[in-house]
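First up is the structure itself, then whatever we jot down about it.
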Number of protein chains: 2
Amino acid sequence: MSYTLHRGDALTALAGIPDNSVDAVITDPPYNSGGRTSSERTGRSARAKYTSGDAEHDLANFPGENRDQRSYDFWLTLLLTESYRATTESGAALVFTDWRQLPTTTDALQAAGWTWRGIASWHKPVSRPQKGRLKQSCEYIVWGTKGPVDPDRNPVYLPGLYTASQPRKDRVHITQKPVEVMQELVQICPPGGTVLDPFTGSGTTGVAALREGRKFVGVELSDHYADIAEARLLETMQQTARREDFTLAGPEE
Amino acid sequence: MSYTLHRGDALTALAGIPDNSVDAVITDPPYNSGGRTSSERTGRSARAKYTSGDAEHDLANFPGENRDQRSYDFWLTLLLTESYRATTESGAALVFTDWRQLPTTTDALQAAGWTWRGIASWHKPVSRPQKGRLKQSCEYIVWGTKGPVDPDRNPVYLPGLYTASQPRKDRVHITQKPVEVMQELVQICPPGGTVLDPFTGSGTTGVAALREGRKFVGVELSDHYADIAEARLLETMQQTARREDFTLAGPEE
DNA sequence: CCGGTTGATGAATCCCACC
DNA sequence: TGGTGGGATTCATCAACCG
């Protein structure tokens with residue numbers, strides 16, 4: 001399997017991706033959430049918004065968290081429109097979101113032309129309890145398809161709830177997803193097909209895609225994270241290549 | 001603990017409920033979902049939509065599923081506005097919804113004046129897998145408060161994910177919720193407070209409220225279900241009364 | 001290798017002091 | 001007055017550490 005990693009802005013890079021060239025878009029855009037006032041949301045850095053006061057880890061900040069609500073809607077719609085163009089018929093889009101942006105995300109997905117098919121949940125067992133409230137222990141995966149679902153193209157049965165903790169050690173991104181969850185989600189792409197992630201971050205989607213025998217196309221704006229993603233993708237490709245050689249040659253007995 | 005059950009239309013009955021007289025609104029409105037076209041939604045009965053073709057059970061149909069989308073938005077907003085009026089400061093609203101109506105429900109909740117606080121998930125482990133798709137195994141609970149949360153009024157820590165199967169035997173309503181889930185959710189109402197459910201159905205919310213030491217006010221349009229709810233509520237009240245007597249008197253030794 | 005203990009943490013949230 | 005930043009709060013979960 002192979003990967004391509006574009007460095008730069010997601011919209012710009014997407015424009016260069018040919019029509020009907022990917023089979024699934026699986027991505028985790030900046031949520032642009034957190035903070036009650038507009039200035040709190042747009043002025044503070046992602047790290048300031050999302051890491052608790054006593055956290056000792058020193059993960060880098062990430063860009064793209066400074067839009068106001070209207071502009072976020074518009075931008076996400078543009079992004080999903082470009083992704084739609086790049087996707088094959090019956091291809092799927094899986095977009096992570098938190099509770100605040102869930103309605104915006106379903107709007108943007110549909111405005112971009114996708115047929116909204118449902119919501120899956122990622123349940124995080126380690127989340128902060130709050131007095132007098134319901135805990136906010138899930139993030140959500142809004143998903144849709146380009147046109148009809150073709151059940152025979154990719155006859156998989158995927159769960160609607162994924163339970164997994166955020167990686168703790170070896171974590172390199174504030175909002176890093178567990179690779180085991182992503183390995184399940186990439187199954188929505190047919191084997192040998194191509195997965196696109198316009199917000200690659202530390203590259204977990206790509207690692208999962210390569211491990212599961214899918215090709216990967218990513219885009220990352222931040223040089224810091226693009227370097228990390230590149231290293232993780234390269235390592236995964238070498239590992240899977242070794243495993244394939246081993247399988248083809250068979251173990252020595 | 002005590003209950004009141006109004007028979008009739010939810011909006012009409014709500015108008016008769018005094019201002020600031022309930023501490024939490026917990027309800028499961030008709031989702032008006034299922035069916036891709038307006039005619040599919042409005043033409044078929046709830047029973048045809050929500051039960052599989054070969055289901056043997058004979059659950060009665062329920063009304064309130066024949067609105068188009070705009071009218072559903074408007075109606076749900078009216079309903080939540082009346083509920084808001086009836087609720088005390090810092091009181092909470094918990095509204096069940098499926099994925100299709102989730103954005104509508106968050107819109108209506110906020111339009112009615114509530115402060116949207118989050119989404120909790122009810123996970124149904126037994127749900128139908130579908131080829132080429134992510135399983136739709138959750139329903140959602142959109143929740144908010146009237147004004148600020150007062151953590152000291154009701155110092156509970158509630159989970160954000162509830163896992164339970166729909167009742168199978170003893171099921172009397174098509175969309176009946178598991179009573180153990182409802183018993184957790186009614187904790188959002190302070191002990192001794194009043195829970196309002198404008199769509200009582202078979203009365204599960206009320207049963208849970210009484211069991212957990214909260215008073216209950218319900219509304220149900222269908223006579224068939226109002227009878228069932230009345231019977232279940234009465235039985236629960238007698239059970240809890242016996243338990244209280246027993247506790248007060250102490251067991252004979 | 002197993003079992004019990006310790007300690008850190010969370011795409012939070014809110015209040016309050018300060019500018 | 002309005003925006004900004006700092007800090008207190010909270011506990012189920014899980015990695016790390018021991019014995």
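In what follows, chains are A, B, ... by sequence order, proteins preceding strands, each numbered from 1. Worth saying up front: this structure is predicted, and the values here are computed from it rather than measured.
Candidate nucleotides dA11(C), dT13(D), dA12(C) were compared by shortest atom distance to the side chain of Val126(A), and dT13(D) ranks first. Of the candidate nucleotides dT13(C), dC11(D), dA11(C), dT13(C) has the atom nearest to the side chain of Arg100(A). Nearest nucleotide to the side chain of Lys131(A), out of dT13(C), dT10(D), dC14(D): dT10(D). Of all nucleotides listed (dT13(C), dG10(C), dA15(D)), dA15(D) comes nearest to the side chain of Lys169(A). Of the candidates dA12(C), dA11(C), dT13(C), dA11(C) carries the atom nearest the Phe62(A) side chain, counting heavy atoms from C-beta on. For Pro125(A), whose side chain is taken as the heavy atoms from C-beta onward, the closest listed nucleotide among dC14(C), dA11(C), dC14(D) is dC14(D). The nucleotide whose nearest atom lies closest to any side-chain atom of Arg171(A) is, among dC11(D), dG10(C), dT13(D), dG10(C).
Between the CG atom of Leu134(A) and the C1' atom of dT13(C) there is a distance of 15 Å, rounded to whole Å. When the P atom of dA12(D) is taken as reference, atom CZ of Arg128(A) falls 14 Å away, rounded to whole Å. The interatomic distance linking Lys135(A) (NZ) with dT10(D) (C1') rounds to 10 Å, in whole Å. One atom, CG of Asp150(B), and another, C1' of dC14(C), lie 13 Å apart when rounded to the nearest Å. The interatomic distance linking Arg133(A) (CZ) with dG10(C) (P) rounds to 19 Å, in whole Å. Rounded to an integer number of Å, the gap from CG of Asn61(A) to P of dA11(C) is 16 Å. Separating the CD1 atom of Ile119(B) from the C1' atom of dA12(C) is a distance of 16 Å, rounded to the nearest angstrom.
Distance check on atom C1': dT13(C) versus dT9(C) gives 16 Å, rounded to whole Å.
Each of Glu139(A) and Arg168(A) was assigned the nucleotide of DNA chain C with the nearest heavy atom; the assignment lying further toward the 5' end belongs to Arg168(A).
For the pair Arg117(B) and dT13(C), the criterion of a side-chain N or O lying under 4.0 Å from OP1 or OP2 is not met. Regarding contacts with the backbone of dC11(D), a side-chain N or O of Tyr157(B) is found under 4.0 angstrom from either OP1 or OP2. Distances shorter than 4.0 Å separate none of the side-chain N or O atoms of Gln130(A) from OP1 or OP2 on dT9(D). Neither OP1 nor OP2 of dG10(C) sits under 4.0 Å from any side-chain N or O of Ser127(A).
Note that Lys215(A) lies outside the cation-pi zone of Tyr3(A), set by a 6.0 Å cut-off to the ring centre and a 45° limit from the axis.
Look at Tyr31(A) and the base of dA11(C); the rings stack, centres closer than 5.5 Å and planes less than 30° apart.
Across all strands shown, dG19(D) forms a Watson-Crick or G-U wobble pair, both distances under 3.5 Å, with dC2(C). Base pairing of dG3(D): its partner is dC18(C), meeting the Watson-Crick or G-U wobble criterion (both donor-acceptor distances under 3.5 Å).
A salt bridge does not link Lys146(A) with Asp23(A): none of the charged nitrogens is closer than 4.0 Å to a carboxylate oxygen.
Using a 4.0 Å heavy-atom criterion, one finds that Ser165(A) contacts the sugar-phosphate atoms exclusively. Note on Pro159(B): nothing from the nucleic acid sits closer than 4.0 angstrom, heavy atoms only.
Atoms OH and CG, from Tyr72(A) and Asn66(A) in turn, are 12.5 Å apart once rounded to the nearest 0.5 Å.
In summary, the side chains of Glu139(B) and Gln166(B) do not present any donor paired with an acceptor at a separation below 3.5 Å, with no hydrogens or angles considered. The closest side-chain donor-acceptor pair between Arg117(A) and Thr145(A) falls under 3.5 angstrom.
Relative ring orientation between Tyr140(A) and Tyr140(B) is described as perpendicular, the plane-to-plane angle rising above 60° on a 0-90° scale split at 30° and 60°.
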